[in-house]
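Scroll down for the structure; my scribbles are underneath it.
So that the names make sense, note that chain A is the first sequence line, chain B the second, and so on, each numbered from 1.
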Amino acid sequence: MNKRFPQNAIFAPATSLFIPHSQNDFFHPKTKGFLIQKLSESTDLFLTKLLHTLTLKLGFLSDTFTVNYIINSYVKLREINTARKLFDEMREPNVISWTSVISGYNNMGQPQTALSMFEEMNEDRSVFPNEYTFASVFKACSALAESRIGKNIHARLEVSGLRSNTVVSSSLVDMYGKCNDVETARRVFDSMIGYGRNVVSWTSMITAYAQNARGHEAIELFRSFNADSTSDKPNQFMLASVISACSSLGRLQWGKVAHGLVTRGGYESNIVVATSLLDMYAKCGSLSCAEKIFLRIRCHSVISYTSMIMAKAKHGLGEAALKLFDEMVARRIKPNYVTLLGVLHACSHSGLVNEGLEYLNSMAEKHGVIPDPRHYTCVVDMLGRFGRVDEAYDLAKTIEVGAEQGALLWGALLSAGRLHGRVEIVGEASKRLIESNQQVTSAYVALSNVYAMAGGWEDSESLRLEMKRSGNVKERACSWIEIKDSVYVFHAGDLSCDESGEIERFLKDLEKRMKERGHRGSSSTITSSSVYIDVDEEAKEEMVSLHCERLALAFGMIRLPVGSTIRIMNNLRMCRDCHEAFKLISEIVERDIVVRDVNRFHCFKDGSCTCRDFW
DNA sequence: GTAGGGTTAG
């Protein structure tokens, strides 16, 4: 029998390492080192299995230290079941064995199992979680967005005395952020000042703000990070979050500064960063810049395609969005439910109603995405916008939804009913909305109006009183526009700006041009404020809000000639029957951006920003 | 000397 190890590829490069030559050598301490080294390097399942077998033959399977390496090798290769089996066979798993498997479940997208293992570990009594374990467990809680469990484990962490650890605390900040408890996230973040924060801690907190619609605080914190002399430089994780905050705020200037930082940091080729940039440009109104970013992405993902499809859909370019979807499928990038939402939005916002229905009916079979209530809501909205209210209602009735999504579904139908003067549908949708218990003011107002119209004045009055008692009062709607580096806010109903006469003339001109292009007028066409007489309260507010968006646009365009800085914010969106207006506006704005950006893009005083090349 | 945290579309 040949006592030597076979001279194959596994052993060949290891000349500097110990190579066993005799039976006794198998048990030489260096053999273990050799196995461990190979296990930690392995990126191949066959090799790991071979090393696993070798470990068994050499009698090292009872050695916790060595087995941990095998477990981790399987975890890296995403063979979680094999790792778990090996773990279950261990005589004395230590905290590292437990943590490795918990982390493995996290990596496989099985946070629930990760948490079950953590509970099992706590029952064991012979082994105790450490900082590594807590960090992994909070990551599982983040993935589940389950604050009840997270808080419970946080309490255990405090008792354990392991909280003064940057990694554990950062994972806590992230966990609270993902559970929408931003205040607690901030408290943990503030408490970290005693033992140090790093770029990950800051990113966790910035992300907590960015993902909870608190973009201004995200940007403010990013500024503090940059001002803090002990901080590192922002990296791709932080920049992606910051750019996302700029998108949600529609602040193009800030987004461009972040783009400059991306360029300077060398992160432009990072797919996540690039996707966040394209989304930012699209949401800040610049579809052409978004497209430039998109075309520069070398290795596309489902998210980059979905973002671009969404961008085109929101800008009223339905057919272009659908073309992009075809391209994506042809490139074998598998669409997911968000992509299909984008496709349906594209149909909805461009009047491609039959195409939209076709996508809904074939998406499961053709793309393996089963339509969920969000897709149906989108189609209900689409049918409603284009007057097919009965079909919308019939479809809505067949959909089983939870309260939150139900509010969106019936809200869409409520709008449709109101838009097309269908009192009975408004009544039904309002009732369903109120039943959903989602504090939707519009439902109370609409139902109250339905009662009033039917002569049920007492019912109407009591409903309004109930609304006031419950404090169910909607925030005042507003629109805003960024001009140079200032933001102008327009509140619904506030038509008092100095230029109102000029704006009025501009709107009339715009309306005329829309008519020339064959646009059909409707209740939400650009009009003067006088049309609001005899419109119900809620509809009036909605219309004023839409009107103000146009005021904002008009304001920017009248005040500033082409070539100066105009920026439309992300709440500029397609609304019913206004495609033509939107196209006109987009044309003007897009042209303006190009002129402006070629000449005026400065990110840094030192001139080191290469972003100019981009333009 | 083995295990841990942060990013993008909706």
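Distance from the side chain of A/Glu131 is smallest to B/dG4 among B/dG4, B/dT8, B/dG5. Closest to the side chain of A/Asn72, out of B/dG4, B/dT2, B/dA9, is B/dT2.
Taking the side-chain hydrogen bond (donor to acceptor under 3.5 Å, both in side chains) definition, one finds that A/Ser42 meets it with A/Thr48, sequence neighbours left out. Listed by chain and number, the residues in a side-chain contact (heavy atoms from CB on, under 4.5 Å) with A/Ser147 are A/Cys179 (sequence neighbours excluded).
For DNA chain B, the residues of residues 133-163 of chain A within the heavy-atom distance limit of 4.0 Å (strictly under) are A/Ala135, A/Ser136, A/Lys139, sorted by number. Residues of residues 188-204 of chain A that place a heavy atom closer than 4.0 Å to DNA chain B, in numerical order, are A/Asn198, A/Val199, A/Val200, A/Ser201, A/Thr203, A/Ser204. Within residues 205-227 of chain A, the residues approached by DNA chain B to less than 4.0 Å at the level of any non-hydrogen atom are A/Thr207, A/Gln211, in residue-number order.
In terms of heavy atoms, A/Asp326 sits closest to A/Tyr359 at OD1-OH, 4.2 Å. The minimum heavy-atom distance between A/Gly356 and A/Leu344, with the atom names listed, is O-CD2, 3.5 Å.
Between A/Lys178 and B/dT7, a side-chain N or O to OP1/OP2 separation shorter than 4.0 Å is present. The side chain of A/Ser171 places no N or O atom within less than 4.0 Å of a non-bridging phosphate oxygen (OP1 or OP2) of B/dG4.
No side-chain heavy atom of A/Met280 sits less than 4.5 Å from a side-chain heavy atom of A/Thr275.
Backbone-only contact: A/Ser307 has heavy atoms under 4.0 Å from sugar-phosphate atoms and none from a base.
Between A/Phe325 and A/Tyr305, the ring center distance fails the sub-6.0 Å criterion.
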Is there a ring pair (Phe, Tyr, Trp, His ring centres under 6.0 Å) between A/Trp202 and A/Phe222 once you walk through the steps? CA-CA 8 Å; A/Trp202 285 86; A/Phe222 179 60; 9.6 Å; no
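For the pair A/Met238 CE and B/dT7 C1', the computed distance is 11 Å after rounding to whole Å. As a whole-Å value, the separation of A/Asp174 CG from B/dG6 C1' is 6 Å.
Contact annotation: side chain of A/Asn94 to base of B/dA3, donor-acceptor pair absent below 3.5 Å. In the interface, the side chain of A/Asn235 is paired with the base of B/dG6 through a donor and an acceptor atom under 3.5 Å apart.
Using a 4.0 Å cut-off between charged nitrogen and carboxylate oxygen, A/Asp228 and A/Arg223 do not count as a salt-bridge pair.
For the side-chain contact (heavy atoms from CB on, under 4.5 Å) with A/Asn68, the qualifying choice from A/Pro93, A/Ser73, A/Ser97 is A/Ser97, the only one to do so. Exactly one residue among A/Phe134, A/Phe128, A/Tyr132 makes a side-chain contact (heavy atoms from CB on, under 4.5 Å) with A/Leu162. That residue is A/Phe134.
For residues 205-215 of chain A, the pairs satisfying side chain to side chain donor-acceptor pair (under 3.5 Å) are A/Asn180-A/Asn212, A/Glu183-A/Arg214, A/Arg186-A/Tyr209, A/Thr207-A/Ser241, A/Arg214-A/Glu217, with sequence neighbours left out.
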